[in-house]
Every structure is written in structure tokens, then in C-alpha cells.
Amino acid sequence: MSLYKLENVSKIYQNQNQKSYALEQIDLEIEKGEIVVILGPSGSGKSTLLNLLSGIDIPSKGKVYFNDTELNQMTDEELTEYRKNYLGFIFQSYNLIANLTVKENIELGEHLSESPLSIAEMIRAVGLDSHAHKYPFQLSGGQMQRVAIARALVKNPEVLFCDEPTGALDEKTGKKILKTLEDIHKKYHTTMIIVTHNPSIALMANTVIRMNSGHIVEIIHNETVASAESLRWA
Ligand code: ADP
């Protein structure tokens, strides 16, 4: 059984008299424990796909299943529980709370879970031991993203959604973030779904989904997966 299954999914926006397809008849399966990279130019439908998988948005047509449960059939309450219990999110813009320390920001994630991982373990896992009591303004971009990763992962989610996780970072820092994700994946086997413009990141994925104009134009299953450290920004 796949973790996610999409059957004939379309997302249609009606602008005046014109219909536009953000996604058009998508079929897709995502396996548990994979690193999936979704690649494509701006406007190709990547965020729409992410929003449908995470239950933030609903398809105009077709079905989205998580572990054989159709997301469209869930009540709002069930969808909230689904996001709270199973999903973690990180974004290009970190979204940290400015007046909370590193540790307190990570505790926000802990409060969302009934069976959180240890805060100290998460801080260690993302390499921020000596920064636990600092505030976001005292951190570099890469360090802030590592706080966001720890905050998303402390609740031990089954799936981590990463929307342009290295988009605001230079190559060296970006690769450190990817190395952190790689280490976390090795340790916790979290399914990771990473949206990016950066084709270099695709080399570390088990599955690469290339999108264009609302379509999946190619799905590649990598036989060998590159280490984050070996990547070179194209
Ligand atoms: P990407 O994440 O790849 O940049 P998006 O999923 O954000 O692409 O957008 C796909 C297409 O859907 C784009 O053409 C975008 O303009 C359109 N779109 C997204 N959201 C809306 C909306 N709320 N209303 C109308 N069109 C939208």
C-alpha cells in the first residue's frame, strides 16, 4: 500500500469565463519512507500538489488517499488531526517566533504531539546544542532553518513537507540543511516531500517528480541516491 495515492486529480480555477488548471489529471503514488523531490518552474503546480497532499486544499476532481483514507471524505476536524498527528512542515521563510528562543520555538512543535521526541535530542540532531537559548535574530539563515526542521520533527511526524527549504540559502549553507535532512531521514525514516527549483537536490531523492503546466511530465526513480555533501548547485 502506498502512503499517498492520487487518482485523476485536477485543480481548476475559474477566472471570469476562463477555466485554468493548476493541476490536470494527475495520477501519483508516494511510498512510505521515501525522499521525494518535486521539481518544476514557477507556476507549474508544485504548491498546489503540496497543498492537496497535506489536506490544506481540496481537488476540484479526483481523489487523494493517505494510507487508503480519502482526504476529501474527512471532516475539518479529522483533517486538522491528520495534519497535527502525521505532518510536519518547513518553509523557505523559516516562520520562527521572534520573541522565543531556539528551545522555546522547538517546544511549540512538541505541544502539537501526544508522543513527541525529546527536545534535547532534536537540538542535538540539528547541531544547535550551543544555540538553544539564543533568539532567532542571533542566528544565521541556516541555523534558523535548522530550528524550523527541529520544530517540525520533534512531534515525530510521518511525513515532512519542505517547501523550498534551501531557497533563501547559499550553496554551502543549503547543503548543510540537506545534510541535516539526510541524517534525520536515516535515523527516523521520515517520508520527505521536498519542493524545489533546484535540480541538484533531485540527486538525493529516491523519486523525482518533474512538473510543468499542471502536469507531471516525468517520474524518475533513482537507483542510487547521492549524499547531500556530494551535491553541486547547477
Ligand atoms: P508553483 O508552486 O509550481 O509555483 P502553483 O501550484 O502555485 O505553482 O500554481 C499553479 C498554477 O495555479 C499557477 O498558474 C497559478 O497562477 C495558479 N493558481 C494557484 N493558486 C491560485 C488561486 N488561488 N487562484 C487562481 N489561480 C491560482
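All ligand and atom numbering here is 1-based and tracks the order in the structure. For this chain, numbers begin at 1 and follow the sequence in order.
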Exercise check, heavy-atom protein proximity under 4.0 Å to atom 16 (O) of ligand 1: no
Sub-4.0 Å protein heavy atom next to atom 11 (C) of ligand 1: yes
Among all protein heavy atoms, pick out the one at the shortest distance from [atom]; state its residue, atom name and that distance to 0.1 Å.
| atom | result |
| --- | --- |
| atom 8 (O) of ligand 1 | G45 N, 3.1 Å |
| atom 14 (O) of ligand 1 | G43 O, 3.8 Å |
| atom 18 (N) of ligand 1 | Y13 CE1, 3.5 Å |

L52/I26 under side-chain contact (heavy atoms from CB on, under 4.5 Å): CA gap, chis, key distance, verdict: CA-CA 11 Å; L52 295 182; I26 300 281; over 6 Å; no
Identity of the nearest option to atom 7 (O) of ligand 1, non-hydrogen atoms only, from S44, S47, S213: S47
Qualifying residue, where the test is side-chain contact (heavy atoms from CB on, under 4.5 Å) with R210 and the options are V217, I219, I38: V217
Beyond-backbone contact of E110 with I106, side-chain heavy atoms, under 4.5 angstrom: no
4.5 Å side-chain heavy-atom contact, V159 and I193: yes
Proximity flag G214 to ligand 1, non-hydrogen atoms under 4.0 Å: no
G40 touching ligand 1 at heavy-atom level, < 4.0 angstrom: no
Short side-chain donor-acceptor distance under 3.5 Å, S93 and N95: yes
Within the 4.0 Å heavy-atom shell around [X], which atoms of ligand 1 are there?
| X | result |
| --- | --- |
| P41 | 3 (O) |
| S42 | 4 (O) |
| K46 | 1 (P), 2 (O), 3 (O), 4 (O), 6 (O), 8 (O) |

Does [Y] offer a backbone N or O that forms a donor-acceptor pair with the side chain of [X] under 3.5 Å?
| X | Y | answer |
| --- | --- | --- |
| K175 | L231 | yes |
| T191 | G33 | yes |
| K155 | K84 | yes |

Indicate yes or no: does an N/O atom of [X] lie under 3.5 Å from an N/O atom of ligand 1?
| X | value |
| --- | --- |
| S20 | no |
| A22 | no |
| T48 | yes |

Parallel, tilted or perpendicular: rings of F161 and F89 (30°, 60°): parallel
